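What follows is one structure encoded as structure tokens, with my remarks underneath.
Quick note on labels: first sequence line is chain A, next is B, and so on, each numbered from 1. Nothing here was measured: the structure is a model prediction, and the numbers come from that model.
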Amino acid sequence: MIARVIVDVPSRQTDRPFDYEVPLALEGWVEAGSRVGVPFGGRVLQGFVVGVIPSEASEVDMSKIKPIAELLDPLPPLRPDLIELASWLSVKYCCTMIAALQAMLPAALKGKAERTVRLSESFEEQEPEAAAAVLLPDGLREWLRRSGPVKLDTLRERFPDAGAYVKAAIRIGLLEEQVAIRDKVSIRKVQTVIPPVDREGAAEALAAWPARAGKQRDVLAFMLDAEGPVPLQKLLADTGTTGSTVKALVDKGWLTMREVEASRDPYAGRTFQRTEPLPLTEGQQEVLKWIVASIDAREPKPYLLHGVTGSGKTEVYLQAIQRCLDQGLQAIVLVPEISLTPQMVERFKGRFGDAVAVLHSRLSTGERYDEWRKIRERRAQVAVGARSAIFAPFESIGLMIIDEEHESSYKQEESPKYHARDVAIMRAKQHGATVVLGSATPSLESFAAATAVRPSGNNGAGGGAPLLLAMPDRVAGRPMPPVTVVDMREELQGGNRSMFSRTLYAGLADRLERGEQSVLLLNRRGYSTFVMCRSCGYTAACPHCDISLTYHQKTRVLRCHYCGHSENAPSACPSCESEHIRFFGTGTQKVEEELAKLFPGIRVIRMDVDTTTEKGSHEKLLKQFGERKADVLLGTQMVAKGLDFPYVTLVGVVAADTSLHLPDFRSAERTFQLLTQVAGRAGRHELPGEVVVQSYAPEHYAIQTAQHHDYDAFVREELAHRRAMGYPPYCRLILVTMSHEQLPLLTEVGDRFAQRLRDAALAAGVYGRVDGTSGPRALDVLGPVASPIARMKDRYRFQCMIKYRGNVDATALLRETIRPFMEGSEGRGVQFGIDVDPHMIL
DNA sequence: AGCACGCCGACT
DNA sequence: GTCGGCGTGCTC
């Protein structure tokens with residue numbers, strides 16, 4: 001048999017299956033989805049089997065075909081549907097197959113070759129002369145004799161000069177070399193102790209136990225009470241002994257030890273209060289009815305659930321999932337990374353217990369792998385996680401929920417640059433599953449699709465337009481909090497030069513007096529600290545990238561976000577030697593100082609990049625705030641999402657329009673979403689809430705509509721703008737980024753590439769302007785222009801924007817045009833990056 | 001991506 | 001005259 005293998009080489013030239021012979025010993029074990037080690041161009045690599053065919057069906061010359069070196073997992077990590085999904089991903093997002101496959105699997109399964117050497121056992125005796133000719137340095141041979149197989153890397157570390165000897169020794173067979181794929185983490189093994197088989201005998205022995213071996217007696221007594229194997233760690237902890245005591249009992253034959261597989265459970269030791277389904281409001285019932293009917297019908301159907309903040313979407317999710325489980329189907333819940341807090345996990349674990357696997361980036365590689373295996377081995381039926389959990393290897397999915405559907409974290413910014421929403425809709429087709437996109441502020445793309453305003457001829461994931469479901473009311477009839485918009489220009493004219501308007505100041509003072517809490521949002525992107533000289537205007541920039549360096553207060557180091565370059569912070573300006581060099585803070589620091597000045601003794605928790613880099617710090621800060629250990633929670637975007645504290649009665653937005661005027665067509669949408677989300681943090685419980693929004697452009701529709709909690713009005717305005725400007729959802733975009741070390745070469749290749757693309761579009765009869773008034777089918781190529789970050793890692797960057805609408809297979813056109821640039825001499829080393837449906841235009 | 005094979009500069 | 005620079009080209 002021949003296995004068709006995708007090898008782990010992230011290059012377009014190797015982006016196709018290679019044929020390998022399945023050794024007789026592995027026949028029946030190697031199947032589509034298996035992970036294998038294969039020889040490839042003089043080394044051993046990891047690869048994924050995407051198909052197994054009879055030997056005669058291979059089109060490769062027999063003499064070229066090598067055998068598979070090893071099989072890496074007993075159970076293939078990939079299911080057939082995931083292989084199919086990977087092909088779809090690689091086509092839709094123009095990425096390599098290996099990148100698509102790897103995106104679906106936990107990092108633990110990215111094994112690398114490890115080379116080991118060991119002394120040949122018989123060689124020295126049989127060929128003493130040859131052995132003598134390769135006099136391995138003193139100590140090296142002795143070391144090898146003692147330690148058995150040794151990692152080549154380790155050997156190089158300890159004997160840096162031994163290279164030539166080792167090579168010669170391998171050549172004549174004195175040393176044997178072995179190459180195997182080694183995973184980043186392995187399946188965790190735990191020692192367990194097994195109770196005595198002869199319980200009566202043990203009991204008798206115990207009765208007559210010598211007094212001096214008291215510890216052994218305790219251990220044996222403990223084990224007699226045990227019903228089954230006891231983990232060694234637990235036994236030691238419970239009896240207060242050490243390993244030697246147990247070992248003595250093992251040696252005497254009373255106990256035996258065994259190694260068993262174990263999971264690293266990130267929630268070990270935590271018990272989750274079992275919760276029962278809550279009674280639903282009429283609105284919730286109506287929505288649930290639709291979803292349940294859809295799950296039962298097992299037809300792939302997407303729903304857009306537009307529910308205002310506090311309308312009880314999560315309870316609907318929980319009951320829909322229950323329906324799935326009752327039907328023997330599995331469910332996936334996606335939550336934005338930032339809101340995947342312990343409270344969120346608790347709601348799912350509380351309802352479904354051990355059937356829940358949790359997948360998020362804060363887990364260690366090993367923990368993630370174990371949670372993933374719970375799914376693969378059918379020990380879990382519900383996956384709750386961030387973006388990549390959409391690839392959970394379930395067998396038959398009934399429901400996929402994407403909560404806070406509008407969140408940009410569902411778009412992956414590295415290759416493959418997929419959007420979890422599109423993947424969900426594709427998987428739904430494969431499984432006959434229902435998709436629920438939930439949000440208080442649905443993305444314009446989803447809303448437009450659900451209301452049939454979309455570019456004609458959807459060539460995306462397809463699956464039909466989502467049906468719009470609405471939950472316009474908060475549970476228990478709680479009102480939306482009133483929003484006051486303060487015109488900061490008037491404040492300034494009125495003589496108030498502080499960053500707080502009189503309204504916000506009064507609000508804060510009032511909460512302090514009443515012992516209630518406030519949330520302050522500083523809506524600011526690119527909130528990192530940077531260094532500037534106040535005398536000459538010098539700013540510290542990365543020598544490899546066109547970007548300012550970020551100042552890290554703790555280590556007093558300047559670091560580049562893009563390439564990792566770091567240097568010590570200067571004490572004087574490197575340009576003019578002035579000492580007026582300043583570290584400009586995040587803005588939140590400034591607000592914090594101002595608060596301390598205005599309200600002496602105020603307790604502030606600041607949440608921004610500086611205070612949340614440490615693991616778990618995010619949760620710790622929120623916990624403190626929840627315990628009312630602070631009066632004000634001050635932060636960036638991250639305070640807007642999913643928080644629910646009963647004593648928060650005031651939400652202030654310090655400067656609402658800082659995100660409004662970014663050169664990005666989504667800036668109004670982002671601003672509206674942020675304001676609406678943050679406003680939803682107030683008055684979620686008995687105490688009524690209030691929101692104060694400070695702005696220099698209070699008349700802007702994004703702010704006006706957010707003030708009135710009027711999503712529909714916002715969408716109307718925004719859609720009109722998008723139509724006029726010819727932006728999504730009235731067209732689709734593909735961003736092509738090109739980079740090279742040499743600028744002239746890059747501009748030349750870039751221009752030619754754009755021209756080729758226009759020619760191709762012209763030949764296909766679709767070339768034309770794309771805006772609100774253009775015809776039903778058109779594709780336009782804008783640029784190339786210098787990227788907003790014009791240089792990164794010593795490479796210049798240019799980009800082209802492809803805009804198209806209607807039934808145009810733009811990715812196919814792009815792939816065909818790009819091929820000669822990638823493979824042939826035409827590209828001349830220019831690197832191409834493709835982002836389909838980009839989110840970051842900047 | 002690596003590693004090999006292949007043509008032109010600074011060394012024993 | 002050789003060692004080695006990294007420029008193309010292939011990997012089942």
Q. For DNA chain C, which residues in residues 20-46 of chain A have a heavy atom at a distance below 4.0 Å?
A.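 Residues of residues 20-46 of chain A that come under 4.0 Å of DNA chain C are, in numerical order, Y20(A), P39(A), F40(A), G41(A).
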**Q.** S396(A) to H431(A) - nearest heavy-atom pair and separation
**A.**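 Closest approach of S396(A) to H431(A): CA-ND1, 3.7 Å.
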(Q) With salt bridge (Lys or Arg N to Asp or Glu O under 4.0 Å) as the criterion, how do R35(A) and D8(A) come out once you've worked through the C-alpha distance, each side chain's angles and the decisive distance to 0.1 Å? (A) CA-CA 11 Å; R35(A) 192 169 59 114; D8(A) 186 9; over 6 Å; no
When the distance from [atom1] of [X] to [atom2] of [N] is rounded to whole Å, what number comes out?
X       : N       : atom1 : atom2 : result
R115(A) : dG2(B)  : CZ    : C1'   : 12 Å
D8(A)   : dT11(C) : CG    : P     : 19 Å
D61(A)  : dC12(C) : CG    : P     : 12 Å
R4(A)   : dC12(C) : CZ    : P     : 14 Å
I65(A)  : dC10(C) : CD1   : P     : 19 Å
I2(A)   : dC12(C) : CD1   : C1'   : 9 Å
R12(A)  : dG9(C)  : CZ    : C1'   : 19 Å
R16(A)  : dC12(C) : CZ    : P     : 10 Å

Q) Without hydrogens or angle criteria, can the side chains of Y369(A) and D183(A) be said to hold a donor-acceptor pair below 3.5 Å? A)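 Short answer, no.
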Q. How about S388(A) and R368(A): does a side-chain donor come under 3.5 Å of a side-chain acceptor?
A.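 R368(A) and S388(A) do have a side-chain donor-acceptor pair below 3.5 Å.
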Q: To the nearest 0.5 Å, tell me how far L105(A) CG sits from R376(A) CZ.
A: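 One finds 10.0 Å between CG of L105(A) and CZ of R376(A).
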Q.
Whether D837(A) and K92(A) form a salt bridge (side-chain N of Lys/Arg under 4.0 Å from carboxylate O of Asp/Glu) is what I want to check.
A.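 Counted as a salt bridge, because a side-chain N and a carboxylate O are separated by less than 4.0 Å.
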